Amino acid sequence: MTSRADRINRQRLEKLEGLYDRGVNPYPHRYRCSHTTEQAIALLKQIEENPTEEKAVEVSVAGRIMSHRPMGKVAFLDLRDGSGKIQIYCHRNILSEDSLKLLKKDLDIGDIVGASGKPVRTRSGEASIEVKELTMLAKSLQPLPEKWHGLSDIDTRYRQRYLDLIANTEARDIFLKRSQIITAIRQFLNQRGFIEAETPVLQPSAGGALAQPFITHQHALSRDLYLRIALELYLKRLIIGGFDRVYELGRIFRNEGLSTKHNPEFTMLETYQAYADYNDVMNMLEEMVCQVSRQVLGTDTVKFGDNTISFKPPWQRIELRQAIIEHAGIDFEEHPDAGSLRAKMAARGMEVDPEKGRGRLIDELLSTFVEPHLVQPTFLLHHPVDMSPLAKLKPDNEHLVERFEAFAGGMEIANAFTELNDPLEQRKRFIEQQKSRQAEGEIEEAVDEDFLLALEYGMPPTGGLGVGIDRLVMLLTGQTSIRQVILFPQLKEKSTRDKGERQES
RNA sequence: GGGCCGCUAGCUCAACUGGCAGAGCAGCUGACUCUUAAUCAGCAGGUUACAGGUUCGAUUCCUGUGCGGCUCACCA
């Protein structure tokens, strides 16, 4: 049986054999490029503007053959590298003999080649290289996706991201921007005297958030370890150690559901600034996002779905309590315990999990009724202490903390507070949290004594911030699924078992 | 985990109510000295995701499985 795929593959293998037979290495070790395709085009323009300059200049470029237009004695190929694309013009009378053979007999779309020759403009005005030497740099044995429609099968795009990057320039742009966004964030923080830190990914207890962790095992010490679910507790240790401004941009792992807004591993920025409070952090965040947007996109206004979002400060500031009253019609201050709030929510026709504590119920109100409405950048302020075990109380209200969450495009993008630095109060909060987790039937976690010990040495007043980088990238690139901004998102394992069984039988 | 939708050539997609599975790109052969989604002539390429069922006949209807998407739940 020969399927089309087998046949294409076989033909390419035959071409590969042919190359070896003629003593041509289809996978040479290196190639000297004098220019990227972008630079070669710039050079051509320069030559055109200064016709007095040396005309015999030659360049060599390298890249992947993206299309092939043979025209009898001439042929046009499109060559793409990391910087862009240039047309290469092959004329029978100009090409070397070996290059001509290569072009006629061995070349496929998808091959990676080097081309050297003179930068020229063709009659139709296309910047090109008139090639003398064409060199095979890597023979491709697989056909590329369709050239006009690109690769649209979403599963293939994620599983074989390299094909997505080759075939879909939009995908390339997204990841290019992602890189630029992260660079811009680093610049912003570095300029303000922040120090970048690297803290453990493998932790003896996964603290700093309430998500389910991934568990792994260390053989050498025969103990279980957790993949971190937040950066918080280690960065605070650095504040205690005297680094007054620290940040980490790192991968964190949460063993929870997948959705268009959740991937089990994602990138988080956390910053901690000594002697600052949540107001300072709020100002910094809106400035940072606005500046990053301007730097990367050249604008502080982006299109997201049907909306246009402006990151220009100041962002709207709303009391969390007011936002929930407005959108859900429930005032959680009137319901100081979980039972009462649950009854109120049930009375509104909501299905309520009887195990959830008050903090989680309020969070449910927030994400169900309020979050979808927060399209323009908005700070929600002053969360109940029940849902904020690491934040400092407001001086004038013993139920609320100095905290904000930032939303945009209907997504939470950041979370920040004035950090709790009272070690005795922190211990109390941890124990309360442990109790309520028990009540909610979740895995019980030990109190992080090592962190409490650190706090006991004294942590200065500190403003802390966490930003979901993937979601920020979504906003700035107009993507509505987190998988489109993560190069290799988590997917279900592709099962080959049934296939194998069939082949055996 | 639940609901809805999808899976046809390497890729992008057709195929009316159940009646011979079809294009374009990519590939192969040939023509062509400026093309750029090159063009023209020809060739080849299919386990219609998989396993069953109904039927004279299934890509089409039914059941199950796999994979995926969306969505709900879960997720401070």
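Since the model is a prediction, treat every value here as computed from it, not as a measurement. Chain naming here is simple, since letters A, B, ... match the order of the sequence lines and numbering starts at 1 in each.
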>> Tell me the interatomic distance from A/Arg10, atom CZ, to B/A44, atom C1', rounded to whole angstroms.
In response: 11 Å
> Excluding sequence neighbours, so at least two apart, what forms side-chain contact (heavy atoms from CB on, under 4.5 Å) with A/Lys344?
Replying inline: A/Ile330, A/His335, A/Arg348
> Got a donor-acceptor pair under 3.5 Å from the side chain of A/Glu126 to the base of B/U35?
Replying inline: no
>> Using whole Å, what does the distance between atom P of nucleotide B/A37 and atom CG of A/Leu77 come to?
In response: 15 Å
> What is the distance from CD of A/Gln142 to C1' of B/C25, rounded to the nearest Å?
Replying inline: 17 Å
> With a 4.0 Å cut-off on heavy atoms, is A/Gly150 in touch with a base, just the backbone sugar-phosphate, or nothing at all?
Replying inline: sugar-phosphate
>> Applying a 4.0 Å non-hydrogen cut-off, can you work out what A/Thr260 is touching in the nucleic acid: base, sugar-phosphate, or nothing?
In response: sugar-phosphate
> Is the count of non-hydrogen atoms from other residues, nucleotides or ligands lying under 6.0 Å from A/Lys132 atom NZ greater than 12?
Replying inline: no
> Choosing from B/A37, B/U35, B/C67, which nucleotide comes nearest the side chain of A/Trp148?
Replying inline: B/A37
> Counting side-chain heavy atoms from CB outward, which of B/C75, B/G27, B/C67 is closest to A/Asp155?
Replying inline: B/C67
> Is there a side-chain contact between A/Asp470 and A/Asn263 (heavy atoms, below 4.5 Å)?
Replying inline: no
> Heavy-atom distance under 4.5 Å between the side chains of A/Phe304 and A/Met411, does that happen here?
Replying inline: yes
>> Measuring only the C1' atom in each nucleotide, how far is B/U48 from B/A58? A whole number of Å is fine.
In response: 11 Å
>> In this structure, which stretches of RNA chain B are paired as stems of three or more consecutive Watson-Crick or G-U pairs, both distances less than 3.5 Å?
In response: B:1-7 with B:66-72, B:10-13 with B:22-25, B:27-31 with B:39-43, B:49-53 with B:61-65
> Any side-chain N or O of A/Arg360 less than 4.0 Å from the OP1 or OP2 oxygen of B/C74?
Replying inline: no
>> Please pick, from B/U33, B/G68, B/C75, the nucleotide with the shortest atom-to-atom distance to any side-chain atom of A/Asn93.
In response: B/U33
>> Need one value for A/Asp78: base, sugar-phosphate or nothing, where a base atom within 4.0 Å counts as base even if backbone is also close, heavy atoms only.
In response: nothing
> Under 4.0 angstrom, heavy atoms only, what part of the nucleic acid is A/Gly466 near: base, sugar-phosphate, or nothing?
Replying inline: nothing
> Does the separation of the ring centres of A/Phe379 and A/Phe404 fall below 6.0 angstrom?
Replying inline: yes
> Hey, does A/His91 reach any base, or is it just sugar-phosphate, or nothing, if we go heavy atoms under 4.0 Å?
Replying inline: base
> Could you state the CG-P distance from A/Leu144 to B/C25, rounded to the nearest angstrom?
Replying inline: 16 Å
>> With a 4.0 Å limit, can you tell me whether A/Lys73 has a side-chain N or O closer than that to the phosphate oxygens OP1/OP2 of B/A31?
In response: no
> Out of B/G69, B/C11, B/C28, which nucleotide sits closest to the side chain of A/Glu146?
Replying inline: B/C11
>> Between the base of B/C11 and the side chain of A/His149, is there a donor and acceptor pair under 3.5 angstrom?
In response: no
> Mind checking the C1' distance from B/C28 to B/G64? Whole angstroms is fine.
Replying inline: 42 Å
> Are the aromatic rings of A/Phe332 and A/His399 close, with centres under 6.0 Å apart?
Replying inline: no
> Starting at CE of A/Met71 and ending at P of B/C34, how long is that distance when rounded to a whole Å?
Replying inline: 4 Å
>> Rounded to whole Å, how long is the line connecting atom CZ of A/Arg157 with atom C1' of B/C67?
In response: 18 Å
> Quick one: are A/Met66 and A/Leu144 in side-chain contact, heavy atoms under 4.5 Å?
Replying inline: yes
>> Nearest whole Å is fine: how far is B/C34 P from A/Ile129 CD1?
In response: 20 Å
> A/Lys261 NZ to B/U71 P: how many Å, rounded?
Replying inline: 9 Å
> Any side-chain donor-acceptor pair under 3.5 Å between A/Arg471 and A/Gln479?
Replying inline: no
>> Does A/Ala209 reach a base, just sugar-phosphate, or nothing at all? Heavy atoms under 4.0 Å.
In response: base
> When the C1' atoms of B/G53 and B/U71 are considered, how many whole Å apart are they?
Replying inline: 31 Å
> Quick one: does A/Ser152 reach the base of B/U12 with a side-chain donor-acceptor pair under 3.5 Å?
Replying inline: no
>> Within the structure provided, determine whether A/Leu381 and A/Arg317 are in side-chain contact (heavy-atom separation under 4.5 Å).
In response: yes
> When you measure from the side chain of A/Arg483, which nucleotide among B/G69, B/U33, B/C70 comes out closest?
Replying inline: B/G69
> NA contact type, A/Lys85, heavy-atom cut-off 4.0 Å: base, sugar-phosphate, or nothing?
Replying inline: nothing
> For the side chain of A/Ser67 and the base of B/U36, is some donor closer than 3.5 Å to an acceptor across the two?
Replying inline: no
>> Please pick, from B/C34, B/C28, B/U36, the nucleotide with the shortest atom-to-atom distance to any side-chain atom of A/Lys15.
In response: B/C28
